[in-house]
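Right, one structure below, let's go through it.
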There are 2 protein chains.
Amino acid sequence: MCHHDSHDSNHNCCSPPSGRIRGFIQPWLLLLLSEEAAHGYQLTDKLNRNEDTKGIDPGFLYRTLRQFEEDGLVKSSWDTEGSGPARRIYEITPDGVEFLHAWAEHIQNTRKRLGRFLKAYSSRFKPHET
Amino acid sequence: MCHHDSHDSNHNCCSPPSGRIRGFIQPWLLLLLSEEAAHGYQLTDKLNRNEDTKGIDPGFLYRTLRQFEEDGLVKSSWDTEGSGPARRIYEITPDGVEFLHAWAEHIQNTRKRLGRFLKAYSSRFKPHET
DNA sequence: GTCATCTATATGAATAAAACATATAATAGA
DNA sequence: TCTATTATATGTTTTATTCATATAGATGAC
């Protein structure tokens with residue numbers, strides 16, 4: 001919801017929340033890490049190739065990964081081989097996989113809740129559609 | 001994501017975000033108001049009867065309604081008739097209906113995005129299910 | 001050889017939605 | 001008159017995310 005001043009004319013208020021969904025990047029990160037270990041910059045790349053997850057803030061990414069590690073969902077090690085600066089390689093842990101399953105279930109529930117809203121909405125505004 | 005201290009043992013960390021979905025109450029409010037005008041306390045009641053929307057914070061509710069009015073999505077008038085303290089009756093405006101449509105579309109998109117995550121998740125962990 | 005660019009990680013501060021806590025007041029009933 | 005119920009409202013805090021910026025090694029251009 002916007003909170004502009006009343007004198008702020010010609011504003012683009014009154015549009016639904018922006019594209020990002022809260023708590024949506026995290027399960028994607030875990031899912032990607034469940035496929036193979038990776039470092040932050042690599043993950044940024046992969047996320048940017050997906051229309052649904054592109055444009056991630058690097059600050060958010062790296063902080064999220066550190067938080068995951070603090071929570072035991074991933075573990076990291078430095079990779080100094082190869083060119084360029086050192087990379088912190090993240091691997092998912094069994095706890096991380098378990099967490100991913102729980103998060104997927106949560107997302108499924110969320111999806112159902114959105115579906116129930118849409119059903120109520122449709123029966124109000126589009127009662128004759130199939 | 002939780003941010004407890006390390007000494008905070010026996011915590012219930014590492015569970016996906018809580019039940020609430022951001023920007024989910026608002027479209028329900030507009031949908032309810034599109035069915036019939038109502039005051040805040042009534043809306044609280046209706047929301048509490050729905051498993052998906054129950055437990056709303058009154059502070060949040062009333063502030064949201066005032067914000068809607070500031071944004072031209074609803075208009076209000078005092079109802080002093082009947083028993084009990086005065087009620088502020090909210091009616092949805094044409095702009096509010098339009099906004100509800102936009103929000104419903106946004107929710108549909110969100111639902112699709114969640115579906116795409118779940119599809120990727122399933123193909124990683126449940127590739128043999130139908 | 002030093003200057004700019006790319007790769008890579010990191011942190012401080014700001015923002016905004018939602019939650020938490022509490023205040024106010026009219027009325028009804030015990 | 002004291003308490004509970006209905007009803008609205010506001011001050012403060014929390015939290016996730018975004019914005020801004022810092023750091024530094026490696027690489028290629030000139």
Side-chain angles (χ1 to χ4, degrees), chain A residues 1-5 8 11 13 15-29 38-48 53-71 74 76-90 103 106, chain B residues 1-5 13 15-29 38-48 53-71 74 76-90 103 106:
Chain A
M1 190 67 19
C2 64
H3 292 285
H4 53 79
D5 296 325
D8 171 22
H11 55 268
C13 179
S15 62
S18 67
R20 298 256 160 67
I21 305 168
R22 285 187 94 102
F24 189 59
I25 290 298
Q26 293 90 335
W28 269 113
L29 279 176
H39 60 269
Y41 207 75
Q42 257 178 330
L43 290 166
T44 302
D45 245 43
K46 290 188 179 187
L47 292 174
N48 281 335
T53 53
K54 72 180 178 187
I56 191 180
D57 174 61
F60 182 58
L61 178 89
Y62 290 109
R63 248 193 289 247
T64 299
L65 289 171
R66 301 302 290 275
Q67 187 65 48
F68 278 173
E69 184 158 36
E70 213 182 288
D71 294 346
V74 301
S76 75
S77 55
W78 284 103
D79 173 18
T80 50
E81 282 164 51
S83 69
R87 280 133 293 200
R88 197 189 277 275
I89 302 291
Y90 286 95
W103 213 320
H106 167 73
Chain B
M1 191 66 22
C2 65
H3 292 285
H4 53 79
D5 297 325
C13 179
S15 63
S18 68
R20 300 257 159 67
I21 305 167
R22 282 185 94 102
F24 190 59
I25 291 297
Q26 293 89 335
W28 268 114
L29 279 176
H39 60 270
Y41 208 75
Q42 259 179 328
L43 291 166
T44 303
D45 245 44
K46 291 188 178 188
L47 292 174
N48 281 335
T53 53
K54 72 181 178 189
I56 191 179
D57 173 61
F60 182 58
L61 177 89
Y62 289 109
R63 248 194 287 249
T64 300
L65 289 170
R66 303 300 291 275
Q67 186 65 49
F68 278 172
E69 184 159 36
E70 212 183 289
D71 294 345
V74 301
S76 74
S77 55
W78 284 102
D79 173 17
T80 50
E81 282 162 52
S83 70
R87 281 133 294 199
R88 195 189 278 274
I89 303 289
Y90 287 95
W103 213 320
H106 167 72

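The analysis underlying the following values was restricted to heavy atoms, covering all of them including side chains, and did not include hydrogens, waters or symmetry mates. Here the structure is a predicted model, which means the values were calculated and not measured.
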>> At 4.0 Å (heavy atoms only), tell me whether A/Arg22 reaches a base, stays on the sugar-phosphate, or touches nothing.
In response: base

>> What's A/Arg63 touching, base or sugar-phosphate or nothing? Going by heavy atoms closer than 4.0 Å.
In response: base

> A/His39: what forms a side chain to side chain donor-acceptor pair (under 3.5 Å) with it, not counting sequence neighbours?
Replying inline: A/Gln42

> Considering residues at least two apart in sequence or located in another chain, which fulfil the side-chain contact (heavy atoms from CB on, under 4.5 Å) criterion with B/Asn48?
Replying inline: B/Thr44, B/Lys54

>> Any side-chain N or O of B/Tyr41 below 4.0 angstrom from OP1/OP2 of D/dT6?
In response: yes

> Roughly how many Å is it from CD1 in B/Ile25 to P in C/dA16, rounded to a whole number?
Replying inline: 22 Å

>> Can you identify which nucleotide, out of C/dT9, C/dA18, C/dC20, has its nearest atom closest to the B/Asp57 side chain?
In response: C/dC20

> Which pair of heavy atoms, one from B/Leu61 and one from B/Gly40, lies closest together, and at what distance?
Replying inline: CD2-O, 3.2 Å

> Any side-chain heavy atom of B/Gln26 sitting closer than 4.5 Å to one from B/Phe68?
Replying inline: yes

> Of all heavy-atom pairs between A/Tyr41 and A/Tyr62, which one has the smallest distance, and what is that distance?
Replying inline: N-OH, 3.4 Å

>> Tell me the interatomic distance from B/Glu81, atom CD, to D/dA7, atom C1', rounded to whole angstroms.
In response: 17 Å

> How about B/Leu65 and B/Leu43: do any of their side-chain heavy atoms sit closer than 4.5 Å?
Replying inline: yes

> Which part of the nucleic acid, if any, lies within reach of B/Gly23 when heavy atoms closer than 4.0 Å are counted: base, sugar-phosphate only, or nothing?
Replying inline: sugar-phosphate

> Closest nucleotide of DNA chain C for A/Pro58 versus for B/Arg20: which of these residues is on the 5' side?
Replying inline: A/Pro58

Protein N or O to nucleotides 23-27 of chain D N or O, pairs below 3.5 Å:
unit_1, atom_1, unit_2, atom_2, d
D/dA26, O3', A/Gly84, N, 3.3

>> I need the CD1-C1' distance between B/Ile21 and D/dT17, as an integer number of Å.
In response: 18 Å

> B/Trp78 CH2 to C/dA26 P: how many Å, rounded?
Replying inline: 11 Å

> Starting at CZ of B/Phe60 and ending at P of D/dT8, how long is that distance when rounded to a whole Å?
Replying inline: 17 Å

> So does A/Arg87 get a side-chain nitrogen or oxygen closer than 4.0 Å to the phosphate oxygens (OP1/OP2) of C/dA8?
Replying inline: yes

> In whole angstrom, what separates B/Ile89's CD1 from D/dA7's C1'?
Replying inline: 11 Å

> What's the CD1-P distance between A/Ile56 and C/dT9, to the nearest Å?
Replying inline: 13 Å

> Which of these nucleotides, D/dA9, D/dT8, D/dT17, is closest to any side-chain atom of B/Tyr90?
Replying inline: D/dA9

>> Does D/dT17 have OP1 or OP2 under 4.0 Å away from a side-chain N or O of A/Gln26?
In response: yes

>> Taking side-chain hydrogen bond (donor to acceptor under 3.5 Å, both in side chains) as the cut-off, I'd like each qualifying pair that reaches into residues 80-90 of chain B, sequence neighbours left out, listed once.
In response: B/Ser76-B/Arg88

> Given atom CZ of A/Phe24 and atom C1' of D/dT18, what is their separation to the nearest angstrom?
Replying inline: 18 Å

